[in-house]
Amino acid sequence: MAELYGSSPVKARRTQQEINSLKLGLVDIVEAEQPMTVRGVFYRSVAAGLIAKTDPSYKVISRLLLQLRRDGVIPYSWITDGTRWQIKPRSFNGMEDARIAMVRMFRRALWNDQDAYVEVFAEKDAIAGILSAVTSEWDVPLNVVRGFASETFLWSVAQDIIAIDKPTYLYHFGDHDPSGLLSAQDVERRLRGFAPDADIHFKRVAVTTAQITKWKLLTRPTKTSTHHRGFEGESVEIDAISATRLRQLVTDCIERHIDPDRLDRVRGVEAVERQSLEIALATWGKPA
DNA sequence: TTGAAGAAACCCGGTATGCG
DNA sequence: CGCATACCGGGTTTCTTCAA
């Protein structure tokens, strides 16, 4: 059996051939699921058995992805970095430009007419891209926690929940490992603390032990130095679940709270309003 | 040359240890 | 005993340094 890179106690260097086949594997992964984060590619590589889940291995992946992009093999647009951002006011190249943008971005708040309110939580950036494809479509907030949530962040989420004042359904996506479970529990506990009167229903959607057996997910040894009390068995990264299944999971979570008749009505109103907006703005900025 | 390791930036929880 | 601190665990990305 081939030794996984990085798992050997001997620091064996990769040959050029091994590096090349690793690169081919990376290209396959990125091509299939782009856009994704460097971290996301790393986890997918682990799930695919390409590399061990260790810090050095992560660095190898990140370096190879750098090369592949600089060499023009992988387009830059296929790799995303949600941790750096730009602050800039929205500005327009004239009124016509503004008019087009306004009509395009107009959306009716879908949940105003629904009896429930939904938010989704992701433990890490690596799956945020996958989940956001669905949450955006449904106008659902996606909260990316990054390990353990900050007090600041949870407080502001709680303020939204309090203000909306409806039965609130929170769905959490994270790893099946001691800290992952604790982090989810911690999000729930602190949110309830900040919004004690809110009607909150919190559910950890993934990774569950049922999913591990049902989908035969790739496991890794559990680190047992902290947080491990009461945790049995191997750990599983949420990245081991395919993007398709993850998308299906979120879709199910969200759609069960949607009343289709009311949705139809909102969509109808939205279409009419967008049209009105277009008409109203048609002469905007043009000489009478 | 390049792989491995360390550092930097930031947010956390839990536990062990030592001090007062 | 209670508190502060250190260190381990969880999350992300990139750059620099050192050794083979």
Side-chain angles (χ1 to χ4, degrees), chain A residues 3-20 22-23 26 30 35-46 51-71 74 76 78-86 120-132 142-158 172-191 193-194 204 206-207 220-231 234-240:
Chain A
E3 186 105 40
L4 284 178
Y5 303 120
S7 67
S8 162
V10 185
K11 290 177 196 168
R13 274 186 169 222
R14 288 179 184 79
T15 65
Q16 201 49 52
Q17 199 147 35
E18 288 169 330
I19 291 172
N20 283 336
L22 237 183
K23 280 185 177 176
L26 293 183
V30 180
M36 56 201 304
T37 62
V38 173
R39 196 83 192 169
V41 178
F42 168 58
Y43 282 133
R44 273 256 148 262
S45 308
V46 173
I51 203 163
K53 203 229 165 197
T54 62
D55 276 353
S57 299
Y58 169 71
K59 278 159 192 161
V60 170
I61 298 293
S62 110
R63 183 171 40 78
L64 292 183
L65 280 176
L66 205 58
Q67 283 177 13
L68 287 166
R69 279 177 288 173
R70 289 186 176 160
D71 293 345
I74 290 178
Y76 274 84
W78 285 6
I79 301 293
T80 56
D81 172 7
T83 63
R84 273 81 176 186
W85 62 90
Q86 190 177 59
V120 173
F121 290 80
E123 185 183 344
K124 51 183 159 187
D125 286 330
I127 53 158
I130 297 165
L131 299 181
S132 72
L142 172 63
N143 304 294
V144 184
V145 168
R146 313 184 109 211
F148 284 90
S150 71
E151 189 85 348
T152 313
F153 183 65
L154 289 181
W155 179 83
S156 69
V157 170
H172 190 282
F173 291 74
D175 295 340
H176 180 261
D177 58 27
S179 289
L181 298 189
L182 183 69
S183 154
Q185 230 171 276
D186 177 56
V187 167
E188 177 180 9
R189 185 176 53 79
R190 283 197 277 164
L191 276 180
F194 281 132
R204 232 187 116 260
V207 178
R220 67 167 160 84
T222 298
K223 289 179 187 165
T224 53
S225 47
T226 51
H227 296 164
H228 63 287
R229 80 280 160 277
F231 188 91
E234 302 267 274
S235 295
V236 175
E237 302 282 333
I238 191 164
D239 313 77

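Convention: sequence-line order gives letters A, B, ...; per-chain numbering from 1.
Distance A/K124 NZ to C/dG10 P: 10 Å, rounded to the nearest Å. Residue A/R146 contributes atom CZ, which lies 16 Å from atom P of B/dA9 at whole-angstrom precision. Between A/H176 atom NE2 and C/dG11 atom P there is a gap of 14 Å when expressed in whole angstrom units. Summarising the geometry, the separation between CG on A/L182 and P on C/dG9 is reported as 15 Å, rounded to the nearest angstrom. We find that CD1 of A/I127 is positioned 16 Å from P of C/dG10, with the value rounded to whole Å. Remark: P of C/dG11 and CG of A/D186 are 15 Å apart, rounded to the nearest angstrom. Residue A/F148 contributes atom CZ, which lies 13 Å from atom P of C/dT12 at whole-angstrom precision. The distance between atom CZ of A/F121 and atom P of B/dC11, rounded to the nearest whole Å, is 19 Å.
Under the 3.5 Å distance criterion, the side-chain polar atoms of A/R146 are left unmatched by any main-chain donor or acceptor of A/A149. A/D175 places a side-chain N or O within 3.5 Å of a backbone atom of A/I238 that can act as its donor or acceptor partner.
Here the straight-line distance linking atom CG of A/L22 with atom CG of A/L68 works out to 10.0 Å at 0.5 Å rounding.
Relative to the side chain of A/E123, the nucleotides B/dC11, C/dG11, C/dG9 differ in distance, and C/dG11 lies closest. Side-chain atoms of A/D125 lie closest to C/dT12 of the nucleotides C/dG11, B/dG13, C/dT12.
In this model, the phosphate group of B/dG13 is approached by a side-chain N or O of A/R190 to a distance below 4.0 Å at OP1 or OP2.
A salt bridge links A/K124 with A/E237; the closest basic N to acidic carboxylate O contact falls under 4.0 Å.
Looking at heavy-atom distances under 4.0 Å, A/R189 makes no contact with the nucleic acid at all.
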